[in-house]
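Below: the structure, in structure tokens.
Atoms considered below: every heavy atom in the structure, side chains included; atoms not considered: hydrogens, waters and symmetry mates. These numbers were taken from a predicted model, which means no experiment stands behind them.
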Amino acid sequence: MQIIVTSDRGLCGGINTLAVKNAKIMYDEAEANGTNVDMVIIGDKGAGPVRRSHGDAITTVYNEFWKNPVNFSQVRFRRLVGTRARCCV
């Protein structure tokens, strides 16, 4: 699983571009080795570029965290619930 962290807005173009570029390279290398990789994107600025080229690998996109900040226990709970839901399907 790849977790790609980008911004939702602002002047972080270079950082977002670098994160997306490296994520795509790592994904392509893993696929070439026969490994199935899921992508989770945090931040709206990374979702668009990745969706255009590797949209089938994206499992979840989280954005606008700044509106409702989360803490560790909330993220852990969401992950556990998501894992259980996938196992039951």
Side-chain angles (χ1 to χ4, degrees):
M1 173 184 290
Q2 281 186 326
I3 300 174
I4 305 156
V5 181
T6 61
S7 66
D8 283 327
R9 59 185 187 159
L11 300 173
C12 301
I15 294 170
N16 295 332
T17 301
L18 184 63
V20 169
K21 180 180 176 183
N22 286 333
K24 288 178 180 180
I25 291 169
M26 290 173 60
Y27 177 84
D28 291 338
E29 288 174 356
E31 286 287 311
N33 292 333
T35 305
N36 187 15
V37 180
D38 294 329
M39 292 179 158
V40 175
I41 302 174
I42 300 173
D44 194 42
K45 296 294 182 180
V50 175
R51 190 173 285 129
R52 282 191 286 275
S53 60
H54 297 79
D56 55 333
I58 299 173
T59 57
T60 309
V61 176
Y62 295 103
N63 56 16
E64 297 184 357
F65 272 108
W66 55 273
K67 287 186 177 180
N68 296 315
V70 295
N71 59 32
F72 176 76
S73 61
Q74 291 170 323
V75 172
R76 185 172 180 272
F77 177 74
R78 289 180 186 171
R79 177 68 183 139
L80 290 174
V81 170
T83 301
R84 289 184 191 134
R86 267 196 304 266
C87 292
C88 298
V89 173

Could you pull out the closest heavy-atom pair between [X] and [Y], with the gap in Å?
{"X": "H54", "Y": "Y27", "result": "CD2-CD2, 3.0 Å"}
{"X": "V20", "Y": "P49", "result": "CG1-CB, 3.8 Å"}
{"X": "K24", "Y": "S53", "result": "CE-OG, 3.1 Å"}
{"X": "K45", "Y": "D8", "result": "CE-O, 3.5 Å"}
{"X": "I4", "Y": "A19", "result": "CG2-O, 4.3 Å"}

message = With rounding to the nearest 0.5 angstrom, report the CG to CG distance, D38 to D56.
response =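 The CG atom of D38 sits 10.0 Å away from the CG atom of D56.
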
Spacing of OG1 belonging to T60 relative to CE belonging to M39, to within rounding of 0.5 Å =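 It is 12.5 Å, given to the nearest 0.5 Å.
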
task = Using a cut-off of 6.0 Å, state whether more than 12 heavy atoms not belonging to I15 lie near its atom CD1.
result =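 12 or below, so no.
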
message = A side-chain contact here means heavy atoms from C-beta on lying under 4.5 Å apart; do I41 and R51 qualify?
response =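 I41 vs R51: side chains apart.
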
Within-4.5 Å side-chain heavy-atom neighbours: I3 and V5 =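 Yes, their side chains come closer than 4.5 Å.
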
inquiry  = Which residue in the set D44, N63, N16 passes side chain to side chain donor-acceptor pair (under 3.5 Å) when paired with S7?
reply    =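 Of all the options given, the one that passes is N16.
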
task = Treating Ile, Leu, Val, Met, Phe, Trp and Tyr as nodes and any side-chain heavy-atom pair under 4.5 angstrom as an edge, say whether V50 and M1 lie in one connected cluster.
result =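 Unlinked, V50 and M1 end up in two clusters.
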
